[in-house]
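The structure appears right after this line, and notes come after that.
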There are 2 protein chains.
Amino acid sequence: MSLPYAILTALLEKPSSGLELTRRFDRSIGYFWSATHQQIYRELGKLEQAGYIRALPAPVPARGQKKEYEVLPAGRAELAAWVDVPEDPKPMRSALILRMRAAAVVGGHGLREELERHLALHQRQLAEYLDIEVRDFPPARRTSEPDRLRHLVLRGGIDLERFWVHWLTDALSELGGDRIGGTPQPTDVGHEA
Amino acid sequence: MSLPYAILTALLEKPSSGLELTRRFDRSIGYFWSATHQQIYRELGKLEQAGYIRALPAPVPARGQKKEYEVLPAGRAELAAWVDVPEDPKPMRSALILRMRAAAVVGGHGLREELERHLALHQRQLAEYLDIEVRDFPPARRTSEPDRLRHLVLRGGIDLERFWVHWLTDALSELGGDRIGGTPQPTDVGHEA
DNA sequence: CCATCCATGTAAGGTGTTACATGATTCA
DNA sequence: TGAATCATGTAACACCTTACATGGATGG
């Protein structure tokens with residue numbers, strides 16, 4: 001539902017080809033909306049068909065050649081309209097936390113290492129975001145409103161990584177030993193809300 | 001990929017019918033994995049076919065009658081195996097933050113109210129989780145390992161809501177006025193990593 | 001000329017969402 | 001009997017993921 005608008009935003013910031021978009025989604029835009037190149041190509045086709053974007057004239061249009069797209073006025077209007085459409089937040093999903101809950105019931109041997117692995121990944125991601133912040137958002141870049149909004153988005157990414165680092169650290173210290181709970185045989189009744 | 005295991009976990013905690021599962025997913029399990037009743041019924045069918053669960057014998061099995069499921073040993077083994085399979089964290093998705101990024105380019109009129117609406121929703125959810133914590137996890141309930149794991153999962157939900165409340169509060173104070181930036185016509189080049 | 005990227009795409013299958021359909025039970 | 005609610009499902013579609021296919025450019 002949101003992917004076409006993510007692409008329009010990215011193309012307004014800078015006209016790009018499909019693969020360039022894919023790479024940009026792995027960075028700035030992708031803090032909060034990831035996409036593979038297959039999704040992006042498919043969506044570019046739809047957007048072009050709808051008249052929201054167009055391919056910039058290329059010297060020799062052919063398969064395997066780079067194709068740059070730019071947003072047309074209709075696409076900009078569509079995006080502007082979407083920004084103001086209310087939409088409820090969707091509950092987040094984490095397979096890791098789910099596995100923790102499962103481990104409470106059936107036990108788990110490798111979960112501790114998995115938690116450490118995730119902790120390392122999130123710490124690395126956090127460090128990367130902080131680098132981006134000092135490089136791209138020095139105090140001088142925090143005055144214009146568009147810049148402040150972009151910075152806000154980055155800070156969302158930063159704080160979310162901090163949340164993970166904090167939770168995973170907590171989880172690891174909570175788990176003293178290296179084998180994790182779970183009842184061997186009898187059914188274990190949980191208490192829920 | 002994770003839904004069947006979420007269901008097995010829930011059924012091990014307590015044998016249930018499809019609709020009961022749906023309701024439980026709206027609460028404890030659902031902190032980090034939501035599902036609609038259609039998904040759950042479809043998955044229950046698959047799990048039964050695979051021999052991981054079975055319907056408890058009912059007096060009169062018929063359409064529109066409650067059907068309770070319990071986990072078979074094969075299902076428990078399957079779940080225990082899944083707990084130890086590593087899986088990379090998937091980047092989170094937020095349409096709201098995406099819209100903020102779009103607003104930096106094309107502007108937005110209603111975004112401020114939308115932020116306030118989301119803030120209220122997350123504050124409500126946070127309060128609910130905190131209620132659950134005091135009700136279901138008094139200090140006495142924090143000693144056994146399974147209980148500590150379940151409490152850890154809940155704290156994940158709590159901290160995630162806190163993240164949202166904090167970020168949204170920040171965003172609102174960052175946005176002084178009520179109309180939000182964006183360039184009227186000229187293309188606005190962003191700076192990315 | 002061969003391997004390796006870069007770049008664009010196709011196909012198939014799984015997962016999630018939305019709308020609707022059906023029967024049983026309860027209560028007015 | 002009629003409306004509301006509980007409970008189980010079907011169908012269609014949108015979306016995402018994974019694996020693969022094709023062609024052009026580059027460097028040894």
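Everything numeric in this text was worked out from a predicted model, so none of it was measured.
Proximity of residues 35-54 of chain A to DNA chain C (heavy atom under 4.0 angstrom from any strand atom) is restricted to A/His37, A/Gln38, A/Tyr41.
Under the side-chain hydrogen bond (donor to acceptor under 3.5 Å, both in side chains) criterion, the residue pairs touching residues 81-92 of chain A are A/Asp88-B/Arg117, with sequence neighbours excluded.
Every residue two or more places apart in sequence or in another chain that forms a side-chain contact (heavy atoms from CB on, under 4.5 Å) with A/Ile158 is listed here: A/Leu126, A/Tyr129, A/Leu130, A/Glu133, A/Leu154, A/Arg162. Applying the ring-ring contact (aromatic ring centres under 6.0 Å, His included) rule to A/His37 yields the partners A/Tyr41; only residues at least two apart in sequence or on another chain are considered. Residues passing the side chain to side chain donor-acceptor pair (under 3.5 Å) test with B/Ser16, sequence neighbours excluded: B/Arg24. Take A/Trp167 and apply the ring-ring contact (aromatic ring centres under 6.0 Å, His included) test, not counting sequence neighbours, and it matches no residue.
OP1 or OP2 of C/dG9 has at least one side-chain nitrogen or oxygen of A/Lys67 nearer than 4.0 Å. Between B/Arg93 and D/dC16 there is a side-chain polar atom (N or O) within less than 4.0 angstrom of OP1 or OP2.
Between B/Ala103 and A/Leu149, the shortest heavy-atom distance links the atoms C-CD1, 4.1 Å.
Separating the CG atom of B/Leu19 from the P atom of C/dT25 is a distance of 15 Å, rounded to the nearest angstrom. Between B/Glu20 atom CD and D/dG9 atom P there is a gap of 14 Å when expressed in whole angstrom units. Here the C1' atom of nucleotide D/dT18 and the CD atom of B/Glu87 are 14 Å apart, to the nearest Å.
In this structure, of D/dC15, C/dA7, C/dG9, it is D/dC15 that holds the atom nearest to the side chain of A/Met1.
Position along DNA chain D of the nearest nucleotide to A/Ser34 versus B/Glu68 favours B/Glu68 as the more 5'-ward residue. Each of B/Lys90 and B/Ser17 has a nearest nucleotide on DNA chain D; the 5'-most of these lies closest to B/Ser17.
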